[in-house]
Number of protein chains: 2
Amino acid sequence: MSKVRRATMSDVAREVGVTAKTVSRVVNDDGPVAAETRARILEAMGKLGFQPNLMARNMRVGARDSTVGLVIPDMGNPFFGTVAGGVENAVRARGLTLIVGSSEETAERERSLISTFLARRVTALLIVPSAGGDHRPLRAERAAGLPIVFLDRLAGGLTADSVVSSNREGARAGVAQLIRHGHRRIAFIGDHPALYTRRERFQGYRDALAEAGIPFDRDLVEIGHDHEAAAAAVTRLLDGREPATAVFAANNFASTGVILGLARLGRRDVAVVGFDDLPLAEVLEPALTVVAQDPAAMGRAAAELMMARLDGERSKARTVVIPTRLIARGSGEIPPP
Amino acid sequence: MSKVRRATMSDVAREVGVTAKTVSRVVNDDGPVAAETRARILEAMGKLGFQPNLMARNMRVGARDSTVGLVIPDMGNPFFGTVAGGVENAVRARGLTLIVGSSEETAERERSLISTFLARRVTALLIVPSAGGDHRPLRAERAAGLPIVFLDRLAGGLTADSVVSSNREGARAGVAQLIRHGHRRIAFIGDHPALYTRRERFQGYRDALAEAGIPFDRDLVEIGHDHEAAAAAVTRLLDGREPATAVFAANNFASTGVILGLARLGRRDVAVVGFDDLPLAEVLEPALTVVAQDPAAMGRAAAELMMARLDGERSKARTVVIPTRLIARGSGEIPPP
DNA sequence: TTGTAAGCGTTATCAA
DNA sequence: TTGATAACGCTTACAA
């Protein structure tokens with residue numbers, strides 16, 4: 001590749017007949033520069049296509065990079081996309097740039113991304129942690145003044161600033177809705193049990209059952225993170241001697257999969273409540289009852305927590321809980337046969 | 001904030017009683033180091049929490065940062081999320097890290113993100129350009145050896161490596177499907193006309209009309225990028241003296257909005273073909289006929305184009321076209337009244 | 001196997 | 001108003 005050397009401050013300086021420091025003064029609007037000198041420098045910068053090297057600057061200034069690193073498990077999941085959008089809107093106002101990386105839901109990719117961000121000396125780190133990660137090593141970073149906020153899921157082995165949905169209470173309310181409409185055979189389809197959100201929502205499911213005096217049946221619990229797995233799970237759940245009459249889908253992909261599975265079976269008599277709203281929820285037949293989250297608010301809250309730390313807030317770690325909201329649209333109100 | 005100074009190589013070296021260079025050898029597995037020395041260095045690194053400063057390293061090595069910058073218009077749109085996923089999978093194999101920023105569909109935010117990435121000396125730049133952007137200034141970067149690939153949309157004022165869907169032909173096929181089923185009043189709902197994909201897909205729409213000898217009626221064209229705008233648009237289109245009998249929705253948000261709008265009107269007699277597939281397309285009633293894109297393949301193709309440049313490929317700019325596929329599911333095959 | 005000197009592109013400090 | 005010098009943390013090239 002051509003690898004034309006890039007113009008540096010010295011190049012610009014030489015072109016004009018001044019020192020690099022003078023160019024630096026122009027670039028950063030720092031200290032006095034004669035109007036005529038400034039004009040000539042600006043011209044030379046344009047001519048040489050000079051672009052200041054931020055790496056060098058940050059290194060010298062010792063300042064952190066003006067970026068915020070966000071680790072999410074999956075770029076293709078609109079839930080995390082919306083979370084990222086919420087973060088971005090909030091940090092932009094402060095002149096920070098958000099950069100996002102995807103861990104593909106693996107602890108190892110997550111570690112590697114975090115290292116990349118740390119090595120790049122980001123201003124702050126926001127993490128949607130994958131299952132099985134150990135975040136204790138980040139304690140030192142935080143002690144060194146790096147704001148770290150966990151999003152959607154709590155950290156492994158570390159008490160830290162966090163923002164989560166009201167998972168347990170939301171799930172409880174969703175399942176209670178099914179119980180209120182007469183169901184007692186209610187299936188739970190969610191992520192892998194190691195995942196924080198799955199554990200919390202599962203607890204909410206069990207809370208609702210316990211409240212109603214319905215015995216827990218482990219045969220009604222299935223894993224189904226992606227569409228097809230959830231579709232397959234729902235097929236199994238409807239197939240036994242004592243089939244489920246209702247399904248609680250514990251995340252947006254599970255909801256979609258359950259809907260696909262039921263449609264393929266031609267079943268419209270099964271009640272469904274999903275955790276997390278879907279854009280097309282209202283047009284489904286029956287329309288989908290959901291426990292809606294507010295992913296943009298989660299992103300915003302995480303950004304605010306982080307910026308408060310940046311401003312020197314020294315209080316102990318806080319966990320912000322973003323409320324969920326039950327939206328009854330029909331699918332959750334179908335009675336059992 | 002505490003701002004505890006971060007341990008450097010010299011700190012580690014001092015701790016052990018060696019030189020920074022020796023520590024560097026251990027960190028980079030470069031050159032011989034006595035087993036015992038290495039052990040003591042590793043221990044000191046752990047004790048001091050040493051994290052190598054990538055900025056400093058990259059600066060010295062003169063190498064570009066080992067990251068690839070991707071600019072997308074909207075993190076919340078799963079189309080772009082999936083594109084990003086495709087890029088990430090492809091670049092990861094090469095040890096590159098993908099960082100993504102969102103331009104919020106504005107030329108100004110896009111410029112600012114591109115500057116951030118350039119200043120950070122990314123290895124390559126992938127851009128989904130917003131409408132109204134002028135990308136000529138990037139010519140110099142490319143000449144300096146920076147691989148730049150445009151994704152989903154072509155650049156403004158610049159011939160460059162690009163990856164796009166077969167927008168025009170795909171849209172033509174989608175509209176032709178509606179015509180084949182007897183429609184002559186076919187509405188077009190898409191993005192703002194300034195957007196590349198909208199222009200191409202609109203051309204495809206007109207191609208199909210022309211082929212069938214159907215006169216173009218500008219009253220059948222509406223803008224609707226987000227759900228609600230598209231829902232409102234479809235309401236207007238069904239409301240005139242000569243209402244549309246079919247709708248071509250030119251992107252995923254428009255499709256969703258059209259479906260929402262029709263459902264709210266209680267209309268199931270209107271034929272719909274959408275550009276870009278939706279996860280729930282098959283369960284809608286009627287199931288949604290779409291012109292499916294392959295966003296992951298687009299991301300992968302862009303990454304490959306970029307890596308070929310990185311490997312020294314000097315050929316002139318290429319545009320890779322990723323084919324689309326018509327999936328007939330029912331909504332596009334509804335006959336006119 | 002380890003160290004020394006120099007330099008990447010920038011800015012802080014002090015002097016002119 | 002401008003410049004000289006050193007330094008940020010690291011690696012290259014060479015020497016010991």
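Letters A, B, ... mirror the listed sequences (proteins, then strands); counts begin at 1. We use all heavy atoms of the structure for the numbers below, so side chains are in, but hydrogens, waters and symmetry mates are not. These numbers were taken from a predicted model, which means no experiment stands behind them.
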Asker: Mind checking T22(B) for me? I need base, sugar-phosphate or nothing, with any heavy atom below 4.0 Å counting as a touch.
Answerer: sugar-phosphate
Asker: Applying side chain to side chain contact (heavy atoms under 4.5 Å, CB included), name anything that partners S165(B), two or more places apart in sequence or on another chain.
Answerer: N167(B), Q293(B), M298(B), T324(B)
Asker: To the nearest 0.5 Å, tell me how far L125(A) CG sits from L113(A) CG.
Answerer: 9.5 Å
Asker: For DNA chain D, which residues of residues 31-48 of chain B approach it to below 4.0 angstrom with any heavy atom?
Answerer: none
Asker: For T37(A), which residues count as a side chain to side chain contact (heavy atoms under 4.5 Å, CB included) partner, sequence neighbours excluded?
Answerer: V18(A), T22(A), V33(A), A34(A), I41(A)
Asker: Could you write nucleotides 9-16 of chain D as a row of B, S and -, 5' to 3', where a protein heavy atom under 4.0 Å of any base atom gives B, of only sugar-phosphate atoms gives S, and otherwise -?
Answerer: BBBB----
Asker: Cut-off 3.5 Å, no hydrogens considered: what does the side-chain donor-acceptor table look like for residues 155-162 of chain B, sequence neighbours left out?
Answerer:
| residue | atom | partner | partner atom | Å |
| --- | --- | --- | --- | --- |
| D161(B) | OD1 | R309(B) | NH2 | 3.0 |
| D161(B) | OD1 | R318(B) | N | 2.8 |
| D161(B) | OD2 | R309(B) | NE | 2.6 |
| D161(B) | OD2 | R309(B) | NH2 | 3.3 |
| S162(B) | OG | A160(B) | O | 2.8 |

Asker: Suppose we screen for side chain to side chain donor-acceptor pair (under 3.5 Å). Which residues come up paired with T197(B), at least two apart in sequence or across chains?
Answerer: none
Asker: For the helix from dT1(C)-dA16(D) to dA16(C)-dT1(D), what is the angle between the axes at its two ends, each from 5 pairs, rounded to 10°?
Answerer: 30°
Asker: By side chain to side chain contact (heavy atoms under 4.5 Å, CB included), which residues pair with R136(B), not counting sequence neighbours?
Answerer: D134(B), R139(B)
Asker: Quick one: side chain to side chain donor-acceptor pair (under 3.5 Å) pairs with a partner in residues 74-86 of chain B, sequence neighbours left out?
Answerer: N77(B)-N252(B)
Asker: Taking only residues two or more places apart in sequence or in another chain, which ones pass side chain to side chain contact (heavy atoms under 4.5 Å, CB included) with A308(A)?
Answerer: E313(A)
Asker: Return a table of donor-acceptor pairs under 3.5 angstrom between the side chains of residues 94-106 of chain B and protein atoms on other chains or two or more places apart.
Answerer:
| residue | atom | partner | partner atom | Å |
| --- | --- | --- | --- | --- |
| R94(B) | NH1 | D311(B) | OD1 | 3.4 |
| R94(B) | NH1 | D311(B) | OD2 | 3.4 |
| R94(B) | NH2 | D311(B) | OD1 | 2.6 |
| S102(B) | OG | E88(A) | OE1 | 3.2 |
| S102(B) | OG | E104(B) | N | 3.3 |
| S102(B) | OG | E104(B) | OE2 | 2.7 |
| S103(B) | OG | I72(B) | O | 3.4 |
| S103(B) | OG | E105(B) | N | 3.3 |
| S103(B) | OG | S130(B) | OG | 3.2 |
| E105(B) | OE1 | R153(B) | NH2 | 3.3 |
| E105(B) | OE2 | R153(B) | NH1 | 2.7 |
| T106(B) | OG1 | S103(B) | O | 3.1 |
| T106(B) | OG1 | R109(B) | N | 3.1 |

Asker: Which pairs, with at least one residue in residues 39-49 of chain B and sequence neighbours excluded, count as a salt bridge (Lys or Arg N to Asp or Glu O under 4.0 Å)?
Answerer: E15(B)-K47(B), E36(B)-R40(B)
